[in-house]
Participant: 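Here it is, the structure in full.
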Protein chains: 2
Amino acid sequence: MLETANNDRQTGGPAGGRRARRHAETRAEILEAAWEIARSEGLAGLTMRDLAKRVGMRAPSLYSYFASKHEIYDAMFAQGYRQLMERWEALDLPDDPHDLALVAMRLFVEFAVEDPARHQLLFQRTVPGFEPSTESWAVAQEMYQRTLVAPMAAIGITDPHLLDLATALGTGLADQQISNDPGGDRWLRLIDESAEMFLTHARSRKRRR
Amino acid sequence: MLETANNDRQTGGPAGGRRARRHAETRAEILEAAWEIARSEGLAGLTMRDLAKRVGMRAPSLYSYFASKHEIYDAMFAQGYRQLMERWEALDLPDDPHDLALVAMRLFVEFAVEDPARHQLLFQRTVPGFEPSTESWAVAQEMYQRTLVAPMAAIGITDPHLLDLATALGTGLADQQISNDPGGDRWLRLIDESAEMFLTHARSRKRRR
DNA sequence: GTCTATATTTGGATAGAC
DNA sequence: GTCTATCCAAATATAGAC
């Protein structure tokens, strides 16, 4: 081995060490395989055996990368929120409030629908004994700030009630699409109308104050 | 035994036979116990052993009443929809469209929130291999007709898009309340405002035609 | 780090006596 | 209809050799 002079031991070494880098790469591979299984078998259908098989390992070897199955769910949870944030940052944001609201709602609903298992993990949290770690929760909170609170403030909406109403509308469209018309577009087609309804409502409340 | 002269054999006898009646009663007891377990342990936490213990049986005895665990889920599914329908029929329905929409939305959301496991079974269907039978689906369809389509038609709303928008709004409020503020009322407090927003929107669309 | 072997638990379902 | 005794399968996780 070439790294005998390299004194990073196990996973505790410097972030750029060859061993640590390889370790992180394998972790990423495992997570990618986990998403694939979750997508095809359902979130609860993810098992250590299947996961190991898909990355060309035996089940016990996974424990060199994750301490438990819950830790894998936790990493997926944080990764999912980061994905949504990156998707948001990559957008070309329009100035017009109406368009901005529409783009935001469309992003959220389409993100949910394109991977129902991910939506279930991130927003419904119906996995038997799983609770996200505080670190992963922090990622979720940051997403909420950056992709909802901040842009809404930019178009003059700061009332917490209205933010909650917006999230209800978004998850409602997503959940209905996923549960009652998987693969179709029955609720996807209502995104524009919903955004418009919401904005009109928000404006009328503001006027009334 | 007293029913030697009674010629209803097994479960195939007349609906009023003593044996059949007893059988139906036990089935109902089992279902009630199943709901209790689902509420406390989660829908996926329901096991035949626990269920049997709660009704004072051993697990194999349950198979005299239900052919499989899926059949139990299926009976719960139909029962849940019947409950919602009965709840609706028991209401004192107001004539005013605004009030009617509000009452309907409130019923739906509160029904969901008061038993999240039931909501999950009926409206999210995230139980691993469970698909409702065609009979149970028919019950669900009837609920949809009687508690949504008909009353909406009564207040002049027949556009299918608007019905879908209404269900999205209802499930959205319910899901957010259950997932992000269990035991609280953060989204419950938005029911009135949501109903109002929806009605205003529906009226404006009608006017535009 | 990866493997084989295995502990341990759990859960659905069936066989067959009573 | 209910029981005891089991079967069978699946799943997480650990021990210990290499």
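Convention: sequence-line order gives letters A, B, ...; per-chain numbering from 1.
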Participant: Is it the case that the side chain of A:His70 and the backbone of A:Gly129 share a donor-acceptor pair, with hydrogens and angles ignored and the cut-off at 3.5 Å?
Facilitator: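 Checked: pair present.
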Participant: Mind checking side-chain hydrogen bond (donor to acceptor under 3.5 Å, both in side chains) for B:Arg118 and listing every partner two or more places apart, or none if nothing turns up?
Facilitator: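 Applying side-chain hydrogen bond (donor to acceptor under 3.5 Å, both in side chains) to B:Arg118 gives B:Gln83, B:Glu114.
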Participant: Can you tell me if B:Tyr81 uses its side chain to pair, donor with acceptor, with the backbone of B:Glu142 under 3.5 Å?
Facilitator: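 Flag not set: sc B:Tyr81 to bb B:Glu142 has no pair under 3.5 Å.
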Participant: Can you pull out how bent the helix from C:dG1-D:dC18 to C:dC18-D:dG1 is, comparing the axes over its first five and last five pairs, to 10°?
Facilitator: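 The helix from C:dG1-D:dC18 to C:dC18-D:dG1 shows an end-to-end axis angle of 10°.
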Participant: Which pairs pass side-chain hydrogen bond (donor to acceptor under 3.5 Å, both in side chains) with one or both residues in residues 123-132 of chain A, sequence neighbours excluded?
Facilitator: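 Passing the test, one end in residues 123-132 of chain A: A:Thr126-B:Gln120.
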Participant: Output, in order, the C-alpha distance, side-chain angles, deciding distance and verdict of side-chain contact (heavy atoms from CB on, under 4.5 Å) for B:Asp50 and B:Leu46.
Facilitator: CA-CA 7 Å; B:Asp50 289 353; B:Leu46 176 65; over 6 Å; no
Participant: Quickly, which of B:Leu51, B:Asp74, B:Ile72 forms a side-chain contact (heavy atoms from CB on, under 4.5 Å) with B:Phe66? Name it, please.
Facilitator: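 Per the side-chain contact (heavy atoms from CB on, under 4.5 Å) rule, the option paired with B:Phe66 is B:Ile72, out of B:Leu51, B:Asp74, B:Ile72.
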Participant: Taking only Lys NZ, Arg NE, NH1 and NH2, and the carboxylate oxygens of Asp or Glu, determine whether A:Glu36 and A:Arg39 approach each other closer than 4.0 Å.
Facilitator: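 Result for this pair is no, no salt bridge flagged.
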Participant: Go through it in stages, so that I can follow the logic: the residues are A:Phe77 and A:Val127, the test is side-chain contact (heavy atoms from CB on, under 4.5 Å), and I'd like the CA-CA distance, side-chain angles, deciding distance and then a yes or no.
Facilitator: CA-CA 11 Å; A:Phe77 181 90; A:Val127 185; over 6 Å; no
Participant: Please give, in whole Å, the distance from D:dT14 C1' to A:Leu62 CG?
Facilitator: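 The distance from CG of A:Leu62 to C1' of D:dT14 comes to 14 Å, rounded to the nearest Å.
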Participant: Output the residues of residues 27-44 of chain A in contact with DNA chain D, where contact means a heavy atom of the residue under 4.0 Å from an atom of the strand; sort by number or write none.
Facilitator: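 Residues of residues 27-44 of chain A under 4.0 Å from DNA chain D: none.
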Participant: Sugar-phosphate atoms are those with a prime plus P, OP1 and OP2; base atoms are the rest. Using that split, label each nucleotide of nucleotides 2-13 of chain C B, S or - for protein heavy atoms under 4.0 Å, 5' to 3'.
Facilitator: BBBB-----BBB
Participant: Tell me which residues in residues 71-78 of chain B put a heavy atom below 4.0 Å from DNA chain C, sorted by number, or none.
Facilitator: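 Contacting residues: none.
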Participant: Contact between B:Leu107 and B:Leu84 at the side-chain level, heavy atoms closer than 4.5 Å - yes or no?
Facilitator: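 B:Leu107 reaches B:Leu84 side chain to side chain.
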Participant: Could you check if a side-chain atom of A:Val139 sits within less than 4.5 angstrom of a side-chain atom of A:Gln79, using non-hydrogen atoms only?
Facilitator: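 In short, these two side chains do not touch, never coming nearer than 4.5 Å.
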Participant: Do the side-chain N and O atoms of A:Glu196 and B:His201 include a donor-acceptor pair separated by under 3.5 angstrom?
Facilitator: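 Their side chains do not contain a donor-acceptor pair, so the 3.5 Å distance test is not met.
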Participant: Measure from the side-chain N and O atoms of B:Thr171 to the backbone N and O of B:Ala168, and report whether any donor-acceptor pair falls under 3.5 Å.
Facilitator: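 Here the side-chain-to-backbone pair exists.
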